[in-house]
Number of protein chains: 2
Amino acid sequence: MSTSRVSTPRGAGRPRRVTIADIADRAGVTAAAVSLAVNGRPGVSDATRARIMDIARELDWEPSPAARALTGAPVLAVGMVLARPAEVLGNEAFFGAFVAGLQEVLSTEDYSLQMKIVESTEAEIETYRRWFGQRRVDGVVMVDLRQDDPRVPALEKLGQPALVIGGPGHHGSLPAVYVDDAVATTLLVDHLVGLGHRRIARVAGTAEFFHTAQRDRAFLDRCEELGATGVLQDAGYGAQGAAAATEGLLAEEDAPSAIIFDSDEMALAGSQVLLENGIRIPQQMAVASYEDSALARTHRPAITAIGRSAVQYGRVAATRLLEIIDADRRRPLPDAAQAATGEVRAIDPQLIVRASTAGADAG
Amino acid sequence: MSTSRVSTPRGAGRPRRVTIADIADRAGVTAAAVSLAVNGRPGVSDATRARIMDIARELDWEPSPAARALTGAPVLAVGMVLARPAEVLGNEAFFGAFVAGLQEVLSTEDYSLQMKIVESTEAEIETYRRWFGQRRVDGVVMVDLRQDDPRVPALEKLGQPALVIGGPGHHGSLPAVYVDDAVATTLLVDHLVGLGHRRIARVAGTAEFFHTAQRDRAFLDRCEELGATGVLQDAGYGAQGAAAATEGLLAEEDAPSAIIFDSDEMALAGSQVLLENGIRIPQQMAVASYEDSALARTHRPAITAIGRSAVQYGRVAATRLLEIIDADRRRPLPDAAQAATGEVRAIDPQLIVRASTAGADAG
DNA sequence: CTGAAAGCGCTTACAG
DNA sequence: CTGAAAGCGCTTACAG
């Protein structure tokens, strides 16, 4: 009976939890000594430390995060706010994979991820304020970067660990992690031009997000550099828009011989339209996507895509944020350290060539 | 300058946070009075309460969750452990949507969701132990219910708020929320038989999960009841398996005229195989899925599916878990209340008929 | 290397 | 209706 020593608490409801005082009692030392021992800090002899650790294990002691947080220790949580409806999130393969990647790394450091869904950008900023004000999180990840994003100055002002997902640019002095869309675009266009395509379309998602504009520019620039014609086709959000955009392209008198879609979902929707219209992929139309996924991989024909693994993206983001939090804790001078952590990190995109473009008989 | 009164703390690092003591000072009352006031408890006059609230707002006071937790208040967090690799999670549309639904409801109650990815069932159980031991969470959601799941007795023994996602059955005395797969199966089979199909295949996912076996049984039973022939085809996990299974079915001498897939991802992969083989949907083969999604909706032809919205599922689960946590806090006698909360709740599935089965010329 | 004390921010009885 | 005190579980100086 390991519980023999636990006296019945008043109220007799839940069992009283074991604390460092219990351990100290047993070990015949003071609670302070236990604290030093279990935290691996100097101040107790090796023998005492060993004895204390044994007792702690024996009593099944678990440190109280609340008590620790109260004395200024990290709360071991990072936050992420999403200003989009749950329905939209659910439809996006990227979200689940990104979160999974974040979790994977955070878990190993015993950090938890806290998420909140809000209605507006104002509510998002207010959430950051409250989270940091209450010391609910040690840092935050900010997603869906927009142009002239009001969240950036708000987070700068808070002066707390925050990592922007997206860029480069528009993230002010905040550290950021992003996939280099310019490089990704170059990879895609070069590949298609190399196959002989001279008229290439880009079916673009919501213009609101920063990367959309960035891809637009890089796409047009690169096409021009290579002497090809770039056709921009706005599609708005999701599969519906992509299908309509594809139909629009087919209706043109001078239709392209290759289409690059902004996401796997859009590429699949577009491919369906092509199939319906009796257009063979890749023989009559090459198809590529900025986003890879299991669906892109198993589709027939499999879709050529940029291998920005959302899972990997999440892992890199989590690693980076933990670094920032760590730097923040040991910062000697607030501003110097802050500046040092404000660096960006790019994730290199890779082109994964598959059947949807391979061997295309372009032009 | 609302900060005029804040004295510079030692160390001059972070600004000292404002506490109820600051408010008490200003209001000329004691900290206890402030506590009563801000928590809406009796014990202070209306006038005093109003004055205190004003000052709290003025000083931008935020309660410290750590301090509150230390005195026994709920920590406002629920946990979910996932014993699957991040990659697998990322590929599954269900995960992101379910989490989004959970979040949506939890956020409104100021609860946060804590997730952890682990390697094994043992690690999962250990995580529950630590979470509750440390009072890191007020309750947990358990997903991926299996037959004779060792997590069920482990959670029963912990005696803390826990909700099982899945069932019915195999969740012991724990409360559960599940989609009635038997009903879903009936809806699907009845629909197909009603269209004239007499030989119907079911392409099933991983046998490990509880619902797979449940669907198998319900499928065979219902086919028999209606005088149709049910063909079971195991596919293992994901799109790859579904494609192979579909090819297997086509190769049979007596191929079915309709296929029901376990997920949207599998249905899409299977449909691709059908298209490749020149088989028209729904004219030559009807296709249906146990799982709806944006992809199933926008696919051409759109896939008939069971409308268990994963988002909605998440919402129901969160609501239920919050009820359980609440009941647990006010429980008069540990066991009586525990029993009262141990009820299950089914989410009614709906059949959404789309082009992939409509107007099929069966048999 | 060890002990005694004060404090983190809040809540909860218990007196007045 | 209000005040003073003790306590939640831990950590951090500061003496010995």
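To find a chain, count down the sequence lines: A is the first, B the second, and so on, and within it residues start at 1. Just so you know, these numbers come straight off a predicted model, no measurement behind them.
With distances taken from any side-chain atom of B/A67 to the nucleotides C/dT2, C/dC10, D/dT12, the minimum falls on C/dC10. The side chain of B/S45 has D/dC1 as its nearest neighbour among C/dT12, C/dC10, D/dC1. Across C/dC10, C/dT2, D/dG9, the shortest atom-to-atom separation from the side chain of A/V44 is found for C/dT2. When the nucleotides C/dT12, C/dA5, C/dT11 are ranked by their closest atom to the side chain of B/L36, C/dT12 comes out on top. Closest contact between the side chain of B/S64 and the listed nucleotides C/dT11, C/dC10, D/dC10 involves C/dC10.
Atom CG in B/N39 sits roughly 9 Å away from atom C1' in C/dC10 (whole-Å rounding). Rounded to a whole Å, the CD atom of A/Q134 is 16 Å from the C1' atom of C/dC8. Atoms CG (B/D25) and P (C/dC10) sit 13 Å apart, rounded to a whole Å. We find that CG of B/L70 is positioned 13 Å from C1' of C/dT12, with the value rounded to whole Å. Taking atom CG of A/D22 as the reference point, atom P of D/dG9 lies 9 Å away to the nearest angstrom. Distance A/R136 CZ to C/dC10 P: 13 Å, rounded to the nearest Å. Per the geometry, CZ belonging to B/R17 stands 15 Å off C1' belonging to C/dG7, to the nearest Å. The interatomic distance linking A/I23 (CD1) with D/dT11 (P) rounds to 11 Å, in whole Å.
Dashed line: the shortest gap from a side-chain N or O of A/R68 to OP1 or OP2 of D/dG9 is not under 4.0 Å. Regarding contacts with the backbone of C/dG3, every side-chain N or O of A/T30 stays at 4.0 angstrom or more from both OP1 and OP2. For C/dT12, the OP1/OP2 oxygens have a side-chain nitrogen or oxygen of B/R41 closer than 4.0 Å. At D/dC8, none of the side-chain N or O atoms of A/T19 fall inside 4.0 Å of OP1 or OP2 (strictly under the cut-off). For B/T71, no side-chain nitrogen or oxygen approaches OP1 or OP2 of C/dT11 to under 4.0 Å.
Residue contacts for B/E62: at a heavy-atom cut-off of 4.0 Å it reaches the sugar-phosphate backbone alone, with no base atom in range. As judged by a 4.0 angstrom heavy-atom cut-off over every strand, A/A21 is placed among residues making no nucleic acid contact. Heavy atoms of A/P42 sit nowhere under 4.0 angstrom from any nucleic acid atom.
Base pairing of D/dA15 is made with C/dT2, judged by Watson-Crick or G-U wobble geometry with both donor-acceptor distances under 3.5 Å.
Pairing each heavy atom of A/Y313 with each of A/G166, the nearest pair is OH-N, 3.9 Å.
Checking A/W61 against B/T48, the closest nucleotide of DNA chain D that is more toward the 5' end is the one next to B/T48.
From B/I117, atom CD1 reaches atom OG1 of B/T127 across 11.5 Å, with rounding to the nearest 0.5 Å. Taking CE of B/M142 as the reference point, atom NE2 of B/H171 lies at 10.0 Å (rounded to 0.5 Å). Here the OG atom belonging to A/S35 is positioned 6.5 Å from the CZ atom belonging to A/R41, to the nearest 0.5 angstrom.
Proximity of a side-chain donor or acceptor of B/R329 to a complementary backbone N or O of B/A73 within less than 3.5 Å is not detected.
A 4.5 Å side-chain heavy-atom check between A/I325 and A/Y111 finds at least one atom pair inside the cut-off.
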